[in-house]
Peer 1: 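Attaching a single structure in structure tokens format; questions to follow.
Hydrogens, waters and symmetry mates are skipped; everything else that's a heavy atom, side chains included, is used. Chain identifiers are assigned alphabetically (A, B, ...) following the order of the sequence lines, protein sequences preceding nucleic acid strands; residue numbering begins at 1 within each chain. As the structure is a prediction and not an experimental result, all values here were calculated from the model.
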2 protein chains.
Amino acid sequence: MVVDRESGDRADRIFAALSDATRREIVAMTLTAEYSVSELARRFPVSFAAVQKHVAVLERAGLVIKRRSGREQRVRGNADALREAHRLLDQLADVWRGRVERIGALLAEPEPEPEPGLDLDLDPGGA
Amino acid sequence: MVVDRESGDRADRIFAALSDATRREIVAMTLTAEYSVSELARRFPVSFAAVQKHVAVLERAGLVIKRRSGREQRVRGNADALREAHRLLDQLADVWRGRVERIGALLAEPEPEPEPGLDLDLDPGGA
DNA sequence: CCGATCTACAACCATCGGGTTGTATGTTAG
DNA sequence: CTAACATACAACCCGATGGTTGTAGATCGG
């Protein structure tokens with residue numbers, strides 16, 4: 001099961017990554033300037049490995065990008081991913097306002113209920 | 001201990017709540033119309049209790065509001081919470097653009113590094 | 001009243017997530 | 001080469017989370 005739809009998982013990862021204060025802070029920091037993982041680690045009251053994991057989570061979510069530079073790995077925030085997050089939020093609201101671009105009846109049995117189950121996991125613009 | 005706990009946890013809860021596809025769908029649905037918990041439950045391939053928990057998570061995050069109506073509990077999405085989420089995202093980006101409204105040096109040792117640790121958990125507007 | 005329905009909540013289980021430590025590998029500096 | 005540093009990754013602990021079932025209380029319909 002779980003047809004492995006990338007679209008939904010992507011939203012999951014983005015929001016999950018943002019649900020941690022340390023990670024949000026890393027994102028904000030790396031949007032401002034590039035930091036190596038150990039530079040980041042020095043600024044948080046947790047172990048290096050913990051910060052490393054946070055960065056990995058952010059990277060999987062596309063919120064930061066790692067660039068190898070010699071022996072260090074420089075981390076920079078990805079503003080596009082933030083825009084993506086905005087878009088995902090807008091999709092919820094858009095559906096609400098009746099402006100649904102695409103409808104995917106995931107579950108929605110032929111019930112006489114007002115609204116069908118909508119997908120809202122769409123990833124239209126690509127990229 | 002742990003003095004404040006209000007500000008940061010709120011962001012945590014909002015994003016964590018949004019990190020689940022079922023919950024995102026519930027939010028979108030309830031922004032469109034009110035549904036009782038069992039109406040919602042009927043539309044998802046999980047138990048009633050599971051949906052009930054999802055609604056509870058959403059409620060704790062402020063993303064939905066429950067209103068008792070007779071024996072049922074009607075759930076409606078809260079657009080304000082979505083705006084709040086937008087704001088939280090903007091804070092990350094704003095910091096990036098150099099427009100920081102408030103700075104809280106949470107950890108940031110007096111290092112000669114470019115940027116101090118910023119709070120970005122602020123909850124100014126109050127709402 | 002009784003029965004059906006909606007909700008709440010507890011107990012339980014499996015998995016995930018954040019934290020740690022420890023070890024291995026790569027890279028730069030002498 | 002060797003030492004020091006930056007990173008990667010595995011193993012482990014433990015609490016949170018998502019799912020289940022089961023039970024109990026409220027409320028509506030006869």
Side-chain angles (χ1 to χ4, degrees), chain A residues 1-2 4 8-27 29-30 34-61 63-76 107 111 113, chain B residues 1-2 5 8-27 30 34-61 63-76 106-107 111 113:
Chain A
M1 263 297 283
V2 183
D4 190 315
D9 285 356
R10 175 155 179 73
D12 285 19
R13 284 195 219 113
I14 290 183
F15 288 123
L18 289 172
S19 74
D20 181 279
T22 298
R23 285 195 293 260
R24 284 194 301 274
E25 201 143 351
I26 290 177
V27 169
M29 286 179 66
T30 57
E34 264 195 4
Y35 291 88
S36 72
V37 179
S38 28
E39 279 172 342
L40 288 173
R42 263 178 241 122
R43 294 170 167 252
F44 294 92
V46 293
S47 69
F48 171 84
V51 172
Q52 200 177 20
K53 281 192 188 177
H54 280 309
V55 172
V57 169
L58 289 170
E59 192 185 22
R60 259 181 277 129
L63 283 161
V64 303
I65 294 168
K66 286 198 295 188
R67 182 183 65 98
R68 161 146 270 123
S69 171
R71 67 178 158 183
E72 43 183 39
Q73 195 90 246
R74 309 212 54 102
V75 183
R76 103 185 114 85
L107 349 115
E111 269 196 42
E113 282 300 315
Chain B
M1 280 298 174
V2 185
R5 186 183 284 264
D9 282 359
R10 177 153 178 74
D12 285 20
R13 284 195 219 113
I14 289 183
F15 288 122
L18 289 172
S19 73
D20 181 278
T22 299
R23 285 195 293 258
R24 284 194 300 273
E25 201 142 353
I26 291 177
V27 169
T30 56
E34 263 193 6
Y35 291 89
S36 71
V37 179
S38 30
E39 279 172 341
L40 289 173
R42 261 179 242 120
R43 295 169 165 252
F44 294 93
V46 292
S47 70
F48 171 84
V51 172
Q52 199 178 20
K53 282 190 186 179
H54 280 307
V55 172
V57 169
L58 289 170
E59 192 185 21
R60 258 180 277 130
L63 282 161
V64 304
I65 294 167
K66 287 199 293 188
R67 184 184 62 101
R68 160 145 270 123
S69 172
R71 67 177 156 183
E72 43 182 40
Q73 195 90 249
R74 308 209 59 98
V75 182
R76 103 182 114 85
L106 276 196
L107 349 116
E111 272 197 41
E113 282 300 314

Peer 1: Test of understanding: with salt bridge (charged side-chain N to carboxylate O under 4.0 Å, His left out), list the residues that count as partners of A:E34, not counting sequence neighbours.
Peer 2: A:R67, A:R74

Peer 1: Among D:dT7, D:dC9, D:dT20, which is the nearest nucleotide to the side chain of A:A49?
Peer 2: D:dC9

Peer 1: Between A:M29 and A:Y35, what is the shortest heavy-atom contact and its length?
Peer 2: O-CE1, 3.4 Å

Peer 1: Base, sugar-phosphate or nothing for B:S38? Non-hydrogen atoms, less than 4.0 Å.
Peer 2: sugar-phosphate

Peer 1: What are the 5'-most and 3'-most nucleotides of DNA chain C lying under 4.0 Å from any heavy atom of chain A?
Peer 2: C:dG18 to C:dT28

Peer 1: Over how many whole Å does the gap from B:F44 atom CZ to D:dG19 atom C1' extend?
Peer 2: 15 Å

Peer 1: Return the nearest nucleotide to the side chain of A:K66; candidates are D:dT20, D:dA8, D:dG18.
Peer 2: D:dA8

Peer 1: Quick one: on DNA chain C, does A:S19 or B:V37 contact a more 5' nucleotide (nearest heavy atom)?
Peer 2: B:V37

Peer 1: Counting distance only, does the side-chain N/O of A:R43 pair as donor-acceptor with the main-chain N or O of A:I26 below 3.5 Å?
Peer 2: no

Peer 1: Does D:dT17 have OP1 or OP2 sitting under 4.0 Å from an N or O in the side chain of B:R23?
Peer 2: no

Peer 1: Can you give one letter per nucleotide of nucleotides 24-30 of chain D, 5' to 3': B if a protein heavy atom sits under 4.0 Å from the base, S if only from the sugar-phosphate, - if neither?
Peer 2: ---BB--

Peer 1: Could you please spell out the steps behind the side chain to side chain contact (heavy atoms under 4.5 Å, CB included) verdict for A:Q52 and A:V55?
Peer 2: CA-CA 5 Å; A:Q52 200 177 20; A:V55 172; 5.8 Å; no

Peer 1: Just checking A:S36: base, sugar-phosphate only, or nothing, at a heavy-atom cut-off of under 4.0 Å?
Peer 2: sugar-phosphate

Peer 1: Just how far, in rounded Å, is C1' of D:dG18 from CG of A:D12?
Peer 2: 13 Å

Peer 1: So, using side-chain contact (heavy atoms from CB on, under 4.5 Å) as the criterion, who are the partners of B:A50 when residues are at least two apart?
Peer 2: B:V46, B:S47

Peer 1: Kindly compute the distance separating CD (A:E25) from NE2 (A:H54), expressed to the nearest 0.5 Å.
Peer 2: 11.0 Å

Peer 1: When you measure from the side chain of B:R23 to the backbone of B:L18, do you find a donor-acceptor pair of N or O atoms at a distance under 3.5 Å?
Peer 2: no

Peer 1: Measure the spacing between CG of B:L58 and CD1 of B:I14 and express it to the nearest 0.5 Å.
Peer 2: 11.0 Å

Peer 1: A side-chain contact here means heavy atoms from C-beta on lying under 4.5 Å apart; do B:D12 and A:R24 qualify?
Peer 2: yes

Peer 1: Over the length of the helix from C:dC1-D:dG30 to C:dG30-D:dC1, how much do the five-pair end axes diverge, rounded to 10 degrees?
Peer 2: 30°

Peer 1: Residues from residues 51-59 of chain B sitting under 4.0 Å of DNA chain D, heavy atoms only?
Peer 2: B:K53, B:H54

Peer 1: Could you go through A:L63 and A:T30, starting from their C-alpha distance and side-chain angles, then the distance that decides it, and tell me whether this counts as side chain to side chain contact (heavy atoms under 4.5 Å, CB included)?
Peer 2: CA-CA 10 Å; A:L63 283 161; A:T30 57; over 6 Å; no

Peer 1: Would you kindly compare B:E72 and A:F48 by the position of their nearest DNA chain C nucleotide and give the one closer to the 5′ end?
Peer 2: B:E72

Peer 1: Using every non-hydrogen atom in the two residues, find where A:R10 and A:A61 come nearest and quote the distance to one decimal.
Peer 2: NH1-O, 3.6 Å

Peer 1: If I compare all heavy atoms of A:S19 with all of B:A16, which pair ends up nearest, and what's the gap?
Peer 2: CB-N, 3.4 Å

Peer 1: At their closest point, which heavy atom of B:V51 faces which heavy atom of B:A41, and how far apart are they?
Peer 2: CG2-CA, 3.7 Å

Peer 1: Rounded to the nearest 0.5 Å, what's the gap from NZ on A:K66 to CD on A:Q73? Could you check?
Peer 2: 4.5 Å

